[in-house]
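Here is the structure we will look at, set down as C-alpha cells.
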2 protein chains.
Amino acid sequence: MEAVLTAAVALLDEAGGSALTFRALAARLGTGVGTIYWYVANKDELLDRATDHAIGGILAAVEEQPDSDDPIADMRAMAVTLFDAIVDRPWLSAYFMRNTDIQGNSLRLYEKLGQQTLRLDLTPRQRFHAVSAVTGVVVGTAADLGVEIPQELLDGHVDRDEFLSRFAESWRSLDATDFPFVHQIADEFAGHDDRDQFLAALDLTLAGLRLQART
Amino acid sequence: MEAVLTAAVALLDEAGGSALTFRALAARLGTGVGTIYWYVANKDELLDRATDHAIGGILAAVEEQPDSDDPIADMRAMAVTLFDAIVDRPWLSAYFMRNTDIQGNSLRLYEKLGQQTLRLDLTPRQRFHAVSAVTGVVVGTAADLGVEIPQELLDGHVDRDEFLSRFAESWRSLDATDFPFVHQIADEFAGHDDRDQFLAALDLTLAGLRLQART
DNA sequence: TCCATTATCGAACCACGTTCCATGCTGGTT
DNA sequence: AACCAGCATGGAACGTGGTTCGATAATGGA
C-alpha cells in the first residue's frame, strides 16, 4: 500500500497527472494492474490517497511553523507554504478541488488554518468564511499555474519570458479604445511573477479580514 | 459549426463534462465523428470553442450592467454575475482554469472587469493584481462547487441538507481538543450556502482593495 | 492435511480520442 | 454533357486508458 502510494506520487512528480496510469504504475512496481486494484477500488481512490499522502508532507511543514502573536500573519505563512507546495507539485492543484470529502490530512490542514481564526474576534460564521476565502485564494491562484505550462515550455523550445511576451505583444496590438485595460496591463503581464500575483491576492483578502476582525 | 457548438453546450448542460464525447455529439447531430473533426482539430479546441460560446452569454449579461459611480461595487456586481453563471453551468468552472490563452470572450470579460480598476487610484501593477485576485476568488470558489455534487445528490437519493449534515456529524465526532475549529464550524457548515460563502470571500478581497485604493 | 483468507497477475472488455480513407456534393471550366 | 477541384460527410479501425474477472499462488491457523 505504502509502496503503491509513493510510486504513484513519484509518477505524478515526474510527468504530471497524465502519467499516472494503472499500467504505468504496475510496471514501475513490477506487478500487474490487478494487484493495484486490490489496494484501491478505482482511480479516484488512488488519487485521493496519493494526494492525501502528499498533503501529509505539507501538513508537516505547516505544523513546524511556530505561532506568533499575529494570527493573520500566521495564516499568511501557512497559505504561502501551501502555495509553494502546490507550485512544486502542480498536479496537486488539479486534485485539490476534486475533494468535497474533507478528510484525513486535508482536514487537519483546514483545522490548522482555522485555529488561527479562533484567536480573532469573529463570529463562527465569519471564521468559516475566512478560512474558505483563504483556501479559495490559494487554490484559485494555484489552479491557473497548474495548466499554465503548455508543452512548449516543458520542451524547452520556448522559455517563459518569451511565452509571456508573445501574449503581451498580441494584447498591445488590440485596439486601445476598446481594450484600455488590457493595453495598460500588457507590460505587467509580460514580466509578471506568479508568486507575486498570489501574494497580492492573498494580502487583499487578509487585509479585508484584518478589517473585519477589528470591528 | 454553430450547430456543433450549441449541441456541445447542450450536452455539457445536460450531463456535465463527462457527457461531451465525440460519439455522443455526433449522434446528437445525426452525423459521424469525422464530420466534427472537420470543424475542430481536437477535443481541446472543441472545449475552447464551446466555453467561449458560453462565456459570450455571460459577457452579454455583464455588459448590460450600467456603471455606477463606485467602481468596486461594479466589479462586485460583475463577479457575482460571473459566479452565478458558473453555478448555473458547473462544467464551466473546470474549463475556466484550463485556459492560459486568454482570448475571445474571456479576454473581453477580463477587460470589462479591468476597466473598473482604471477608475481607481492604483498603479498598473496593482490593477493587474486586483483583477487577478477577483477572478481567482470567483474561480476558486466556484471550482469547489463544480465537484461538490456527488451523484447521490443528482440521483435524488440524498438531498443537500442531509449530505452536509452527515459531514457536520462526522466532524462533531472528532476530538474537541485536537479539532477545536472544525468542531466550532460544524454547525455553520451544515447550513451553509455556497453563494454566501462566495460573497463573503469576495467582500473580503474587495474590502482589501478598497483600502488599497485609498492610499 | 485441509481450507479460508490474503494477495498476485494479466487477459479481455469497453469507452474514448483520434486517424484515415472512401464517398458524396457543389459550382465552375472545358 | 462531362469533368474536376475542393468542400463536406460518414464510419471503420487503431491505440490507450480504466475496470472486471477468473485463475493461481502464498499464508497460516484448525
Side-chain angles (χ1 to χ4, degrees), chain A residues 1-53 90-92 94-95 97-99 101 146-147 149-152 154-155, chain B residues 1-53 90-91 94-95 97-101 146-147 149-152 154-155:
Chain A
M1 180 75 245
E2 192 65 17
V4 172
L5 294 187
T6 50
V9 171
L11 277 176
L12 289 168
D13 282 341
E14 286 165 20
S18 63
L20 179 58
T21 70
F22 278 86
R23 283 179 242 268
L25 187 53
R28 170 177 278 250
L29 290 167
T31 86
V33 288
T35 304
I36 302 172
Y37 271 96
W38 193 88
Y39 290 98
V40 298
N42 49 42
K43 189 157 188 181
D44 267 359
E45 192 186 327
L46 176 62
L47 248 14
D48 284 347
R49 294 204 123 98
T51 49
D52 195 68
H53 198 73
W91 52 271
L92 268 179
Y95 301 113
M97 45 188 61
R98 215 179 48 73
N99 263 37
D101 49 317
V147 202
I149 307 163
Q151 62 299 351
E152 287 184 309
L154 293 175
D155 296 349
Chain B
M1 180 75 245
E2 191 66 18
V4 172
L5 293 187
T6 51
V9 171
L11 276 176
L12 289 168
D13 282 342
E14 286 165 20
S18 63
L20 179 58
T21 70
F22 278 86
R23 283 177 241 269
L25 188 54
R28 171 176 275 250
L29 290 167
T31 92
V33 289
T35 304
I36 302 173
Y37 271 95
W38 192 88
Y39 290 98
V40 298
N42 50 40
K43 189 157 188 182
D44 267 0
E45 191 186 328
L46 176 62
L47 247 13
D48 283 347
R49 294 204 123 97
T51 48
D52 194 68
H53 198 74
W91 52 270
Y95 300 114
M97 43 189 63
R98 213 181 49 72
N99 263 39
T100 167
D101 48 318
V147 201
I149 306 164
Q151 61 299 350
E152 288 183 311
L154 293 175
D155 296 350

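Worth saying up front: this structure is predicted, and the values here are computed from it rather than measured. All values below were derived from every heavy atom in this structure, side-chain atoms included, with hydrogens, water molecules and symmetry-related copies excluded. Convention: sequence-line order gives letters A, B, ...; per-chain numbering from 1.
As a whole-Å value, the separation of B:Phe22 CZ from C:dA15 C1' is 14 Å. Nucleotide D:dC14 holds its P atom 13 Å from the CZ atom of B:Arg23, rounded to whole Å. Between A:Tyr37 atom OH and D:dT19 atom P there is a gap of 4 Å when expressed in whole angstrom units. Between the P atom of D:dC21 and the CD1 atom of A:Ile36 lies a distance of 18 Å, rounded to the nearest Å. If you measure from atom NZ of B:Lys43 to atom P of C:dT19, you get 14 Å, rounded to the nearest angstrom. Rounded to an integer number of Å, the gap from B:Met1 CE to D:dC7 C1' is 16 Å.
Against DNA chain D, the stretch residues 3-18 of chain A makes no heavy-atom approach under 4.0 Å. Residues from residues 28-35 of chain B lying near DNA chain D, meaning a heavy-atom separation below 4.0 Å, are B:Gly30, B:Thr31, B:Gly32, B:Val33, B:Gly34, B:Thr35 in numerical order.
Of all heavy-atom pairs spanning B:Ser18 and B:Ala15, the tightest one is OG-O, 4.2 Å. Between A:Thr51 and A:Asp48, the shortest heavy-atom distance links the atoms OG1-O, 2.8 Å. The two residues B:Gly17 and B:Leu12 come nearest to each other via the heavy atoms CA-CD2, 3.7 Å. Heavy atoms only, all atoms of each residue included: A:Phe22 and A:Val40 are closest at CE2-CG2, 4.4 Å.
Applying the side-chain hydrogen bond (donor to acceptor under 3.5 Å, both in side chains) rule to A:Arg23 yields no partners; only residues at least two apart in sequence or on another chain are considered. A:Ala24 meets the side chain to side chain contact (heavy atoms under 4.5 Å, CB included) test with A:Leu11, A:Thr21; sequence neighbours excluded.
Rotation axes derived from the C1' atoms of the five outermost pairs at either end of the helix from C:dT1-D:dA30 to C:dT30-D:dA1 lie 30° apart, to the nearest 10°.
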Practice problem: For B:Leu29 and B:Thr35, run side-chain contact (heavy atoms from CB on, under 4.5 Å): C-alpha distance rounded to whole Å, both residues' side-chain angles, the deciding distance at 0.1 Å, then the answer. | Solution: CA-CA 10 Å; B:Leu29 290 167; B:Thr35 304; over 6 Å; no

Quiz item: For A:Arg49 and A:Asp52, what are the C-alpha separation, side-chain angles and deciding distance, and is it a side-chain contact (heavy atoms from CB on, under 4.5 Å)?
Solution: CA-CA 5 Å; A:Arg49 294 204 123 98; A:Asp52 195 68; 5.5 Å; no

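Note on B:Tyr39: a side-chain N or O is less than 4.0 Å away from OP1 or OP2 of D:dT9.
Relative to the side chain of B:Trp38, the nucleotides C:dT6, D:dA8, D:dG18 differ in distance, and D:dA8 lies closest.
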Quiz: residues 3-10 of chain A side-chain donor-acceptor pairs under 3.5 angstrom, not counting sequence neighbours:
from	atom 1	to	atom 2	distance (Å)
A:Thr6	OG1	A:Glu2	O	3.1
A:Thr6	OG1	A:Ala3	O	3.0

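Atom-to-atom distance recorded for A:Leu20:CG and A:Arg28:CZ is 10.5 Å, nearest 0.5 angstrom.
Within 4.0 Å (heavy atoms only), B:Leu20 reaches sugar-phosphate atoms of the nucleic acid but no base atom.
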